[in-house]
> 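One structure follows; several queries about it will come next.
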Amino acid sequence: MTDPRPPASKNLVTTDWLAARLGKPDVSIVDGSFYLPALKRNAKAEYLAAHIPGAVFFDIDAIADHSTELPHMLPGATKFSKDVGGLGIARDDTIVVYDGAGLGGAPRVWWTLRIFGAKNVFILDGGLPKWKAEGRPTESGESKREPRKFEPEFDTSKVANADVVSMALLQQSAQVVDARPAERFRGEAPEPRPGIRGGHMPGALNVPVTGLIENGRLIPPEKIVEKFKAGGVDLDKPTITSCGSGVTAATLWFALDAIGKPPTMLYDGSWTEWGGRPDLPVTTKD
């Protein structure tokens with residue numbers, strides 16, 4: 001089965017590539033689906049109903065830091081090792097992540113696995129929608145893999161907190177790029193989480209993630225460059241990605257990596273933290 005369009009990133013694999021490797025013990029397939037409550041989609045229920053054969057479910061709300069009220073913050077290395085090893089994934093595996101939207105939650109899982117030291121992590125180009133559209137096999141229920149030992153190497157240098165972001169904006173040492181829709185960035189549309197102010201960080205730039213995806217696939221590299229430049233991003237300067245809660249910030253990361261301009265950091269708390277803290281400045285002006 002020939003796909004007329006090649007993957008837009010070296011970190012994408014095709015459905016043909018994955019289909020030829022189903023069942024191989026050193027290939028871990030991961031369903032990384034995630035949906036905001038407003039979409040009224042249950043990622044785990046959809047996984048149980050139909051997933052790529054052998055895929056395990058990576059729940060970003062479960063494999064997270066539960067000592068904070070902020071959603072799906074990165075866990076510590078010990079918890080990550082226990083949870084991901086329990087899924088049957090080892091750090092040296094070839095790991096392929098996909099999701100039910102095409103390119104939704106998968107980049108967050110891809111980024112998280114890389115932050116904890118996995119080197120061979122890829123995203124399935126087109127995700128589950130493309131896999132199903134091509135008539136490829138799925139299975140129901142929960143896939144079980146033998147527990148493995150995941151030895152994490154947590155790269156904290158690539159994770160920003162509010163203090164780091166504040167300093168970057170103040171000193172203009174890095175560009176903060178927000179993936180949220182323009183209406184939310186300008187404070188014209190409400191935030192999906194209650195109690196979070198509308199608007200954005202003074203000095204932040206806006207590149208809505210929806211403009212980087214077409215039919216569940218990452219747009220071609222030359223179009224990625226155009227979108228970031230249109231958002232005022234200097235691709236040769238350091239970048240910190242942000243969004244609503246750290247999920248689509250990883251999609252910005254994935255897109256920038258595809259054009260050879262990976263960000264320096266991702267703001268894990270993102271707007272849920274910033275907009276929820278009255279001590280941090282907010283603006284609705286460009």
> Just verifying a value: how many Å separate I29 CD1 and L22 CG, rounded to the nearest 0.5 Å?
5.0 Å
> Following the transitive rule for hydrophobic clusters with a side-chain heavy-atom cut-off under 4.5 Å over Ile, Leu, Val, Met, Phe, Trp and Tyr, establish whether L128 and L12 coincide in one cluster.
no
> With hydrophobic residues grouped by side-chain heavy-atom distances under 4.5 Å, do V109 and I213 end up in a single group?
yes
> Is there a donor-acceptor pair under 3.5 Å between the side chain of H72 and the backbone N or O of G246?
no
> Could you tell me which residues satisfy side chain to side chain donor-acceptor pair (under 3.5 Å) with D257, sequence neighbours excluded, listed by chain and number?
K10, N11
> Please, which pairs that meet salt bridge (Lys or Arg N to Asp or Glu O under 4.0 Å) have at least one residue in residues 190-207, sequence neighbours excluded?
R180-E191, R184-E191
> Which pairs, with at least one residue in residues 19-43 and sequence neighbours excluded, count as a salt bridge (Lys or Arg N to Asp or Glu O under 4.0 Å)?
R41-E46
> Roughly how far, to the nearest 0.5 Å, is the CG atom of L87 from the NZ atom of K144?
9.0 Å
> Would you please name every residue forming a ring-ring contact (aromatic ring centres under 6.0 Å, His included) with F254, sequence neighbours left out?
W110
> Please examine the side chains of N161 and M265, heavy atoms only from C-beta on, and report whether any two atoms are closer than 4.5 Å.
no
> Do you know the tightest heavy-atom contact between S9 and A258?
CB-CB, 3.6 Å
> To the nearest 0.5 Å, what is the distance between CZ on R136 and CD1 on I52?
9.5 Å
> Does C243 reach the side chain of V209, with side-chain heavy atoms less than 4.5 Å apart?
no
> What verdict does the side chain to side chain contact (heavy atoms under 4.5 Å, CB included) test give for L36 and V247, after you've listed the backbone C-alpha separation in whole Å, the side-chain angles of each residue and the deciding distance to 0.1 Å?
CA-CA 10 Å; L36 287 170; V247 177; over 6 Å; no
> Could you go step by step and tell me if F57 and E142 meet the side chain to side chain contact (heavy atoms under 4.5 Å, CB included) rule?
CA-CA 8 Å; F57 184 71; E142 189 161 10; 5.8 Å; no
> Which residue in the set K158, R114, R91 passes salt bridge (charged side-chain N to carboxylate O under 4.0 Å, His left out) when paired with E153?
R91
> Hey, could you give me each pair passing salt bridge (Lys or Arg N to Asp or Glu O under 4.0 Å) that has a residue in residues 96-113? Not counting sequence neighbours.
R108-D268
> Does some side-chain heavy atom of L280 sit less than 4.5 Å from a side-chain heavy atom of S166?
yes
> After noting the C-alpha distance and the side-chain angles of V27 and F122, does the key distance pass the side chain to side chain contact (heavy atoms under 4.5 Å, CB included) rule?
CA-CA 11 Å; V27 177; F122 304 92; over 6 Å; no
> Without swapping roles, check the side chain of T94 against the backbone of N120 for a donor-acceptor pair under 3.5 Å.
no
> Does a side-chain heavy-atom distance below 4.5 Å link I123 with P107?
yes
> Looking only at atom types and distance, does a side-chain atom of T14 sit under 3.5 Å from a main-chain N or O of W17, one as donor and one as acceptor?
yes
> Can you measure from OH (Y47) to OG (S143) and round to the nearest 0.5 angstrom?
4.0 Å
> To the nearest 0.5 Å, tell me how far E273 CD sits from E69 CD.
12.0 Å
> Looking at every heavy atom in both I240 and A160, which two are closest together, and how far apart are they?
CG2-CB, 4.2 Å
> Got a sec: does the CD of E222 have more than 12 other heavy atoms crowding it under 6.0 Å?
yes
> Where is the tightest heavy-atom contact between A182 and P208, given as atom of each residue plus distance?
N-CG, 4.0 Å
> What's the shortest heavy-atom distance between L252 and V207, and which atoms?
CD2-O, 3.6 Å
> When you measure from the side chain of T241 to the backbone N and O of V177, does any donor-acceptor pair fall under 3.5 Å?
no
> Taking it one step at a time, do V282 and W274 satisfy side chain to side chain contact (heavy atoms under 4.5 Å, CB included)?
CA-CA 8 Å; V282 169; W274 193 283; 4.2 Å; yes
> Determine whether more than 12 heavy atoms belonging to other residues, nucleotides or ligands lie under 6.0 Å from atom NZ of K79.
yes
> Okay, side chain of S270, backbone of Y267: is any donor-acceptor separation there less than 3.5 Å?
yes
> Is it the case that the side chain of S33 and the backbone of A43 share a donor-acceptor pair, with hydrogens and angles ignored and the cut-off at 3.5 Å?
no
> Which heavy-atom pair separates W111 from A250 by the least distance, and what is that distance?
CB-CB, 4.0 Å
> Answer with yes or no whether the hydrophobic clustering places F154 together with I95; edges join I, L, V, M, F, W, Y residues whose side-chain heavy atoms lie under 4.5 Å apart.
yes
> Working to the nearest 0.5 angstrom, can you tell me the gap between L218 CG and L212 CG?
7.0 Å
> Within the structure provided, determine whether I63 and T112 are in side-chain contact (heavy-atom separation under 4.5 Å).
no
> Which heavy-atom pair separates A249 from A179 by the least distance, and what is that distance?
N-CB, 4.4 Å
> Please tabulate, one pair per line, all N/O donor-acceptor pairs under 3.5 Å involving side-chain atoms of residues 227-237, not counting sequence neighbours.
unit_1: D234; atom_1: OD1; unit_2: D236; atom_2: N; d: 3.0
unit_1: D236; atom_1: OD1; unit_2: K261; atom_2: NZ; d: 2.8

> Is there a donor-acceptor contact under 3.5 Å from the side chain of H200 to the main chain of K285?
yes
> Does the T264 side chain pair with the main chain of T239, one donor and one acceptor, at a distance under 3.5 Å?
yes
> Is it the case that the side chain of Y98 and the backbone of W131 share a donor-acceptor pair, with hydrogens and angles ignored and the cut-off at 3.5 Å?
no
